Amino acid sequence: MKAHFEMMAGYNAWANRQLFAAVAERPAEERGRDLGAAFGSLFGTLNHLAVADLIWLARLRGQRPPPFGLDHVLHDDFAELTAARRVLDDDIIRYVDGLTGDGLAGEIAYTRVTRPEPVRQPLTEALAHFFNHQTHHRGQAHALLTRLTGNAPALDLIFYQREAT
């Protein structure tokens, strides 16, 4: 099970690098244009992804989550968001690398952001959601980029797997 999550952490970092490199080529006004997505713009979607990752990492570690909502803007500047994303991806890899068999068999407890109620769930289920959530919103960002440019990088897991071996 740990090997699966290590692969997903590596894939997450790889896919974010691909996506952010493509988004960096677009003008700021395009990145910030509200296109009707859940978090408005391409920039808003990428910010949400970082916000959610910070919240989930705190939960996974049993720490108090950051005091902001899911639509919080971490960085107004794309270069700063890109740098923060890289640090965050490295942190996710370190977190997964540090997991043990006993740790993976554990449970986490947290309070939801959207409806403050206590939740308990197995760590493996929380990790599966964590990586699925990233893929979900990266897919939205990919669709927004495609809408703006007609082209976006291939982010399929299989491409990462082929490159990583």
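As the structure is a prediction and not an experimental result, all values here were calculated from the model.
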Q) Asp97: what forms a salt bridge (charged side-chain N to carboxylate O under 4.0 Å, His left out) with it, not counting sequence neighbours? A) none

Q | Test side-chain contact (heavy atoms from CB on, under 4.5 Å) applied to Leu127 and Tyr95, step by step | A | CA-CA 11 Å; Leu127 282 168; Tyr95 169 77; 4.0 Å; yes

Q: Over all heavy atoms of both residues, which pair between Ala50 and Leu74 is shortest? Give the atoms and the distance, please.
A: CB-CD1, 3.5 Å

Q: Could you tell me which non-hydrogen atom of Ile108 sits nearest to which non-hydrogen atom of Ala126, and how far apart they are?
A: CD1-CB, 3.5 Å

Q | Set of side chain to side chain donor-acceptor pair (under 3.5 Å) partners for His133, sequence neighbours left out | A | His48, His137

**Q.** Separation of Leu144 CG from Arg31 CZ (nearest 0.5 Å)
**A.** 14.0 Å

(Q) My understanding is that only residues two or more places apart in sequence, or in another chain, count here; which of them pass side-chain contact (heavy atoms from CB on, under 4.5 Å) with Asp77? (A) Ala79, Glu80

Q.
Does anything in residues 136-165 form a salt bridge (charged side-chain N to carboxylate O under 4.0 Å, His left out)? List the pairs, not counting sequence neighbours.
A. none

Under 3.5 Å, which donor-acceptor pairs link side chains of residues 21-29 to any protein atom two or more places apart or in another chain?
residue: Arg26; atom: NE; partner: Glu30; partner atom: OE1; Å: 2.8
residue: Arg26; atom: NH2; partner: Glu30; partner atom: OE1; Å: 3.2
residue: Arg26; atom: NH2; partner: Glu30; partner atom: OE2; Å: 3.2

(Q) Under the salt bridge (charged side-chain N to carboxylate O under 4.0 Å, His left out) definition, can you give me all pairs with a residue in residues 2-12, not counting sequence neighbours? (A) Lys2-Glu6

Q: Answer whether the closest heavy-atom distance between the side chains of Phe130 and Asn12 falls below 4.5 Å.
A: no

Q) Is any side-chain heavy atom of Phe43 less than 4.5 Å from a side-chain heavy atom of Leu81? A) yes

(Q) Would Val96 and Phe131 count as a side-chain contact (heavy atoms from CB on, under 4.5 Å) here? Give the steps. (A) CA-CA 11 Å; Val96 171; Phe131 290 116; 4.0 Å; yes

Q: Sort and list the pairs that fulfil side-chain hydrogen bond (donor to acceptor under 3.5 Å, both in side chains) and have at least one residue in residues 62-75, not counting sequence neighbours.
A: none

Q: Would you indicate whether the side-chain heavy atoms of Met7 and Tyr160 approach each other to under 4.5 Å?
A: yes

Q: To the nearest 0.5 angstrom, please state how far the CG atom of Leu57 sits from the CZ atom of Arg94.
A: 10.0 Å

Q: Please report the shortest heavy-atom distance between Leu123 and Leu104, naming the atom on each side.
A: CD2-CA, 3.9 Å

Q: Output all residues satisfying salt bridge (charged side-chain N to carboxylate O under 4.0 Å, His left out) with Glu107, sequence neighbours left out; order by chain, then residue number.
A: Arg120

Q: Apply salt bridge (charged side-chain N to carboxylate O under 4.0 Å, His left out) to Glu125 and list each qualifying residue two or more places apart in sequence or on a separate chain.
A: none

Q) Under 4.5 Å between side-chain heavy atoms, hopping through other hydrophobics if needed: is there a path connecting Ile158 to Met8? A) yes

Q | Contacts of Arg86 that satisfy salt bridge (charged side-chain N to carboxylate O under 4.0 Å, His left out) - sequence neighbours left out | A | none

(Q) Classify the ring geometry of Tyr110 against Trp56: parallel below 30°, tilted from 30° to 60°, perpendicular beyond 60°. (A) perpendicular

Q: Kindly work out whether a path of hydrophobic side-chain contacts (I/L/V/M/F/W/Y, heavy atoms less than 4.5 Å apart) joins Leu70 to Leu49.
A: no

Q: Enter the distance from Gln134:CD to Asp89:CG here, rounded to the nearest 0.5 Å.
A: 7.5 Å

Q: Specify the closest pair of heavy atoms between Ile93 and Ala13, including all atoms of both residues, with the distance to one decimal.
A: CD1-CB, 4.0 Å

Q.
Looking at every heavy atom in both Gly69 and Val113, which two are closest together, and how far apart are they?
A. CA-CG1, 4.4 Å

Q. Which atom pair, heavy atoms only, marks the closest approach of Leu145 to Pro153?
A. CD2-CD, 3.9 Å

Q | Thr82 vs Phe78 side-chain heavy atoms within contact, under 4.5 Å | A | yes

Q.
Measuring only between side-chain heavy atoms, which start at C-beta, is Leu42 closer than 4.5 Å to Arg33?
A. no

Q: To the nearest 0.5 Å, tell me how far Phe68 CZ sits from Ile55 CD1.
A: 6.0 Å

Q: Using side chain to side chain donor-acceptor pair (under 3.5 Å) as the criterion, list what pairs up with Thr100, not counting sequence neighbours.
A: none

Q) Tell me the salt bridge (charged side-chain N to carboxylate O under 4.0 Å, His left out) pairs involving residues 36-62, sequence neighbours left out? A) Asp53-Arg85, Arg61-Asp91

Q) Is there a donor-acceptor contact under 3.5 Å from the side chain of Tyr11 to the main chain of Leu155? A) yes

